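Okay, structure first, notes after.
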Amino acid sequence: MIRRMVTNPMPQFPAGFLWGVSTSAHQIEGAADAREPSVWDVFTAEPGRVKDGSTAAVACDSYHRYPEDVALLAGLGVDAYRFSVSWPRVDSPGGLDFYDSLVDALCAAGVRPVVTLFHWDLPVALDWLERDTASRFADHVSVVAERLGDRVAKWITLNEPAEHTLLGHALGVHAPGRRLMFDALPVAHHQLLAHGLAVRALRAAGAGDIGIANSHGPTWAASEKPEDRQAAEFYDLLLNRLFSDPLLIGRYPEGIGELMPGDVEADLKVIAEPIDWYGINYYAPTRVGAPQGAEIEFGGLSLPAELPFTVREIEDRPVTDFGWPVVPEALTELLTGFAERYGDRLPPVLITENGCSYEGVDDQERIAYLDGHIRALHRAVEAGVDVRGYFVWSLLDNFEWAEGYARRFGLVHTDFETLERTPKASYAWLRDLLRAQR
Ligand code: IFM
């Protein structure tokens with residue numbers, strides 16, 4: 001447990017720096033009866049898939065309680081709110097009315113809407129193994145842009161295609177629950193293609209200010225031994241460069257392009273469609289070593305023995321309730337490394353997610369985590385990385401996927417029996433920090 005007094009004043013971020021918080025539709029909305037089903041509804045209905053056996057049928061019920069949530073955002077004083085539109089809700093009669101009202105309420109409260117167009121809740125009839133899903137996504141994006149485009153401040157095409165590929169399709173611990181291992185690679189390619197087509201669809205609809213939210217973290221080799229370094233390099237390629245290289249330099253890391261389906265060269269031109277900013281979700285670095293031949297437990301996951309690497313513990317670091325190591329300086333390392341790798345090809349960066357799971361309303365550990373990471377972010381800005389904003393994951397405790405309601409990432413506590421919201425100590429801390437930044 002980390003408990004330390006945060007005393008030094010937070011350094012000042014550049015004028016116009018965008019402060020926000022993030023959520024996603026499936027994790028907070030509930031009202032599952034007012035939309036078509038997604039792959040997550042099917043997955044959570046299967047026994048044993050979610051640790052506490054829960055579903056997101058009600059979640060935080062934000063579908064009905066969004067005025068309360070908007071009041072919480074206004075009270076917090078954030079510039080922007082990142083939420084996702086649920087594709088199956090958009091496909092349902094009247095589904096867009098909800099987002100229309102939410103966007104109006106945000107604008108009236110002076111909070112800028114930042115919309116994620118896909119955050120894992122794929123309509124059940126669709127499948128990322130199919131190339132056609134990319135075009136279907138572009139159609140969905142056009143419909144949303146047409147209706148909300150006059151008020152949305154920023155667009156995010158996809159959230160964390162790496163996790164959706166790895167957890168949902170390679171390891172099968174997220175929806176749709178496939179365990180394809182390396183045969184899941186087309187899922188990555190089709191999502192990247194969907195991103196590029198979505199950028200074009202947004203521009204065609206007159207929308208601007210477009211980015212993506214990719215998860216990234218430094219990979220640290222377990223030792224200097226060649227086998228550990230090689231394993232770490234491979235992990236880094238799969239979780240980091242597989243997604244950022246095609247987007248930012250228009251090619252896959254060596255040896256990957258030939259494993260992808262379709263006319264990859266032509267697709268890469270679509271994938272590398274210029275974006276206005278690049279979103280990074282950062283939580284922790286990963287220490288990686290050579291395979292050890294046995295299944296390992298890591299951050300709530302059981303990783304199979306047949307992987308060409310193992311994830312090792314980062315010692316001497318506090319961990320969150322989820323078991324994730326708390327390493328703020330790795331955020332500076334990540335950002336400076338990105339700027340070095342991509343140079344002029346890297347557009348301005350936004351941290352689209354950063355946060356931690358801890359129990360309790362007097363959440364001093366969360367304050368220490370956020371404080372450390374915001375300072376680390378400032379060091380990256382001082383080092384010359386063009387970072388334009390920071391979003392905390394998450395506004396509310398919510399449905400944490402295969403962990404159910406057991407992991408609490410919110411600045412606001414949710415009582416999942418009564419749905420009462422209670423701001424935590426970290427909410428007041430962030431509110432004060434934002435006031436001091438202005
Ligand atoms: O809750 C998730 C979110 O949906 C995607 N990024 C990581 C968060 C914490 O696990």
Side-chain angles (χ1 to χ4, degrees), residues 1-2 160-167 169-174 179-182 184-185 188 214-245 252-256 259 280-342 353-357 365 368-369 372-373 376 379-380 402-403 407:
M1 157 136 154
I2 34 172
E160 298 182 1
E163 270 62 27
H164 194 52
T165 306
L166 176 78
L167 304 178
H169 298 79
L171 301 178
V173 295
H174 274 192
R179 206 165 187 279
L180 298 172
M181 301 302 284
F182 290 98
L185 280 174
N214 264 330
S215 55
H216 291 293
T219 308
W220 294 345
S223 81
E224 288 303 307
K225 288 187 203 148
E227 58 271 31
D228 284 336
R229 291 177 64 86
Q230 211 178 346
E233 187 135 326
F234 185 68
Y235 179 93
D236 188 53
L237 181 154
L238 274 188
L239 271 295
N240 288 312
R241 290 190 287 127
L242 174 59
F243 296 89
S244 48
D245 279 8
Y252 278 113
E254 220 181 301
I256 295 288
L259 304 175
I280 292 183
N281 296 354
Y282 170 75
Y283 288 89
T286 313
R287 191 181 292 292
V288 174
Q292 289 174 315
E295 184 159 299
I296 56 147
E297 294 293 320
F298 170 70
L301 296 177
S302 292
L303 297 178
E306 64 264 35
L307 287 172
F309 52 78
T310 48
V311 176
R312 310 275 176 85
E313 191 186 336
I314 294 183
E315 287 153 9
D316 304 327
R317 290 295 185 153
V319 289
T320 68
D321 285 352
F322 215 149
W324 298 357
V326 179
V327 192
E329 70 273 20
L331 177 56
T332 320
E333 178 187 325
L334 173 71
L335 291 168
T336 52
F338 242 79
E340 205 170 300
R341 178 170 178 81
Y342 295 111
E353 284 182 27
N354 177 235
C356 49
S357 69
E365 299 95 337
Y369 179 100
H373 284 79
R379 281 193 284 280
E403 298 286 317
R407 305 293 174 204

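Quantities reported herein were computed from a predicted structural model and do not represent experimental measurements.
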Just verifying a value: how many Å separate T320 OG1 and E365 CD, rounded to the nearest 0.5 Å? 10.0 Å

pair C356-V326: side-chain heavy atoms closer than 4.5 Å: no

Is there a side-chain contact (heavy atoms from CB on, under 4.5 Å) between L238 and L166 once you walk through the steps? CA-CA 9 Å; L238 274 188; L166 176 78; 6.0 Å; no

Check the surroundings of atom CD in E333: do more than 12 heavy atoms from other residues, nucleotides or ligands lie under 6.0 Å from it? yes

Do the rings of F182 and F234 sit parallel, tilted or perpendicular, given the 30° and 60° boundaries? tilted

For a salt bridge (Lys or Arg N to Asp or Glu O under 4.0 Å) check, start with the C-alpha distance between R287 and E313, then their side-chain angles and the critical distance, and finish with the verdict. CA-CA 7 Å; R287 191 181 292 292; E313 191 186 336; over 6 Å; no

Do side-chain atoms of T332 reach the backbone of A376 as a donor and acceptor pair under 3.5 angstrom? yes

Using 30° and 60° as the class limits, which term best fits the ring planes of Y282 and H373: parallel, tilted or perpendicular? tilted

To the nearest 0.5 Å, atom CG of N240 lies from atom CG of L334 at 7.0 Å

Which residues pass the ring-ring contact (aromatic ring centres under 6.0 Å, His included) test with Y283, sequence neighbours left out? W324

With sequence neighbours left out, the residues meeting side chain to side chain donor-acceptor pair (under 3.5 Å) with T165 are Q191

Report yes if the side chains of M181 and L307 come closer than 4.5 Å at any heavy-atom pair, otherwise no. yes

CD of E306: more than 12 outside heavy atoms within 6.0 angstrom? yes

Surrounding CD of E233 (heavy atoms of other residues, nucleotides or ligands, distance under 6.0 Å), is the total greater than 12? no

